[in-house]
*Asks:* 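Could you have a look at this structure, given as structure tokens, before my questions?
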Amino acid sequence: MPPLRPIVRRLVPLATAASCAVVVVGCHHIAARTAGEDGRHAYRTGHFDAARAEFRRALLEDPADATHAHNLASAERKLGNLAEAERLYRTALANDPDHQPARHALAELLTDTGRGQQALDDLAAHAAARPGEVGPRIELAWLHEKLGDPAGAETALRDALATRPNHPVAIARLGQLYEATGRPTDAAALYRRSLTYDWDQPTVRDRLAALTGTRH
């Protein structure tokens, strides 16, 4: 983008000033989006240094965007810069506490660096602050399972279903937990129940077919 021309007059009419601000903000968003797209392409093709440079440029252009902070954190993590990745994941969550990819990635990073209890505490606090939402409880269940605590995972999923009894993802995740813990009949029943609320779940249909020997 070419540099802005200097303002000759000291006072600018309000409408003109607002129009200039809109143009500048729009340019920043376009530049950030372009850099983000370039960064994602570099990341997908394994060029993590290039991805980091593009994601950094995107975040500089739009510092309040949680996705840019998350993407830069992911590139830093791939490059082994774990402390910087953690800082950036926290930046993303400061910008948007409900940014699920950043919350998931931070919990994974904490767990992988020996801080599983801290990750659990963070996710539990987030879920407690959102009593009517299913997503944070599904996330908490995932972490309990990752830490080898299927009972904790079941509790979190049942908590989710107490809030939304017909939530197809929560039902399917409970079925998957039952399948993993040797309860195939209960798992199949839950898969069927999940599919009654949302048939467009190919993975769930495949799991049900594998358990029951049927085709879909």
Side-chain angles (χ1 to χ4, degrees), residues 32 36 39-40 43 51-52 55-56 58-59 62-181 187 190 193-194 197-198 201 203-204:
R40 284 189 291 273
Y43 189 94
R52 174 174 61 182
F55 291 147
R56 184 176 291 156
L59 187 60
D62 193 358
D65 191 292
T67 296
H68 297 323
H70 164 267
N71 290 346
L72 179 55
S74 298
E76 294 285 9
R77 186 175 177 186
K78 284 289 188 180
L79 293 166
N81 303 321
L82 300 186
E84 180 64 4
E86 180 177 341
R87 185 189 72 78
L88 287 161
Y89 286 137
R90 293 191 184 281
T91 297
L93 292 172
N95 289 340
D96 179 5
D98 293 312
H99 194 276
Q100 188 273 338
R103 192 161 295 280
H104 181 92
L106 177 60
E108 192 172 52
L109 177 59
L110 291 173
T111 302
D112 291 347
T113 53
R115 292 173 288 168
Q117 188 58 53
Q118 182 181 342
L120 271 177
D121 291 344
D122 287 352
L123 290 187
H126 181 65
R130 287 152 178 77
E133 297 181 19
V134 173
R137 286 152 181 80
I138 293 175
E139 195 71 24
L140 184 58
W142 158 79
L143 185 55
H144 274 293
E145 194 169 4
K146 178 179 174 68
L147 292 171
D149 178 17
E154 182 173 357
T155 297
L157 289 170
R158 290 198 175 281
D159 187 20
L161 290 171
T163 301
R164 293 272 302 279
N166 300 335
H167 195 280
V169 175
I171 296 168
R173 291 296 298 271
L174 185 58
Q176 187 175 346
L177 178 65
Y178 283 173
E179 182 181 355
T181 53
L190 286 166
R193 179 180 160 198
S194 175
Y197 298 114
D198 181 9
Q201 299 182 85
T203 300
V204 177

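Counting from 1, the numbers follow the sequence of the chain as shown.
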*Asks:* Can a donor-acceptor pair be found, under 3.5 Å and without considering hydrogens, that links the side chain of D65 to the backbone of H68?
*Replies:* yes
*Asks:* Using every non-hydrogen atom in the two residues, find where R137 and R130 come nearest and quote the distance to one decimal.
*Replies:* NH1-O, 2.8 Å
*Asks:* So D159 and L140, do their side chains get closer than 4.5 Å, heavy atoms only?
*Replies:* no
*Asks:* Testing the basics here: between G36 and A58, what is the closest heavy-atom pair and its distance to 0.1 Å?
*Replies:* N-CB, 3.9 Å
*Asks:* So, taking the atom named CG in L106 and the one named CZ in R87, what distance separates them when rounded to the nearest 0.5 Å?
*Replies:* 13.0 Å
*Asks:* Keeping the roles fixed (side chain from N95, backbone from P63), state whether a donor-acceptor pair exists under 3.5 Å.
*Replies:* yes
*Asks:* Side chains of E154 and T181: closer than 4.5 Å at any heavy-atom pair?
*Replies:* no
*Asks:* Take H104 and L143 through the test side-chain contact (heavy atoms from CB on, under 4.5 Å) and record every step on the way to the result.
*Replies:* CA-CA 9 Å; H104 181 92; L143 185 55; over 6 Å; no
*Asks:* Would you say L93 and R103 make side-chain contact, with heavy atoms under 4.5 Å?
*Replies:* yes
*Asks:* Determine, stepwise, if the pair L161 / L174 fulfils side-chain contact (heavy atoms from CB on, under 4.5 Å).
*Replies:* CA-CA 10 Å; L161 290 171; L174 185 58; 4.0 Å; yes
*Asks:* In the structure I gave you, are the side-chain heavy atoms of L88 and H70 within less than 4.5 Å of one another anywhere?
*Replies:* no
*Asks:* Can you find a heavy atom in the side chain of P150 that is under 4.5 Å from one in the side chain of L177?
*Replies:* yes
*Asks:* Could you tell me the separation between the CG atom of N166 and the CD1 atom of I171, rounded to the nearest 0.5 Å?
*Replies:* 6.0 Å
*Asks:* Can you tell me how far apart CG (D122) and CD (E139) are? Round to the nearest 0.5 Å.
*Replies:* 12.0 Å
*Asks:* In Å and rounded to the nearest 0.5 Å, what is the CG to CD distance from L110 to Q118?
*Replies:* 5.0 Å
*Asks:* So which atom in A92 and which in A102 form the shortest heavy-atom distance, rounded to 0.1 Å?
*Replies:* CB-CB, 3.8 Å
*Asks:* Should the pair E86-R115 be classified as a salt bridge under the 4.0 Å nitrogen-to-oxygen rule?
*Replies:* yes
*Asks:* Could you check whether K146 pairs with D112 (Lys NZ or Arg NE/NH1/NH2 to Asp/Glu carboxylate O, under 4.0 Å)?
*Replies:* yes
*Asks:* Would you say the side-chain atoms of S194 pair up with the backbone N or O of P168, donor to acceptor, closer than 3.5 Å?
*Replies:* yes
*Asks:* Run E108 and R77 through salt bridge (charged side-chain N to carboxylate O under 4.0 Å, His left out) and show every step you take.
*Replies:* CA-CA 11 Å; E108 192 172 52; R77 186 175 177 186; 3.5 Å; yes
*Asks:* Taking all atoms of both residues into account, what is the closest heavy-atom pair of G132 and T163, and its distance?
*Replies:* O-CG2, 3.3 Å
*Asks:* With the side chain counted from C-beta on, respond yes when T155 and H144 share a heavy-atom pair under 4.5 Å apart, and no when they do not.
*Replies:* no
*Asks:* May I have the step-by-step check of salt bridge (charged side-chain N to carboxylate O under 4.0 Å, His left out) for R56 and E76, ending in yes or no?
*Replies:* CA-CA 10 Å; R56 184 176 291 156; E76 294 285 9; 3.3 Å; yes
*Asks:* Can you tell me how far the CG atom of L147 sits from the OG1 atom of T111, to the nearest 0.5 Å?
*Replies:* 5.0 Å
*Asks:* From T67 OG1 over to L59 CG, what is the distance, rounded to the nearest 0.5 angstrom?
*Replies:* 10.5 Å
*Asks:* Is there side-chain contact between Y43 and N71, with heavy atoms separated by less than 4.5 Å?
*Replies:* no
*Asks:* Which atoms form the tightest heavy-atom contact between P165 and R193, and what is the distance?
*Replies:* O-NH2, 2.7 Å
*Asks:* Where is the tightest heavy-atom contact between Q201 and A172, given as atom of each residue plus distance?
*Replies:* OE1-CB, 4.2 Å
*Asks:* One pair to check against side-chain contact (heavy atoms from CB on, under 4.5 Å): L79 and E84. What are the steps and the verdict?
*Replies:* CA-CA 10 Å; L79 293 166; E84 180 64 4; over 6 Å; no
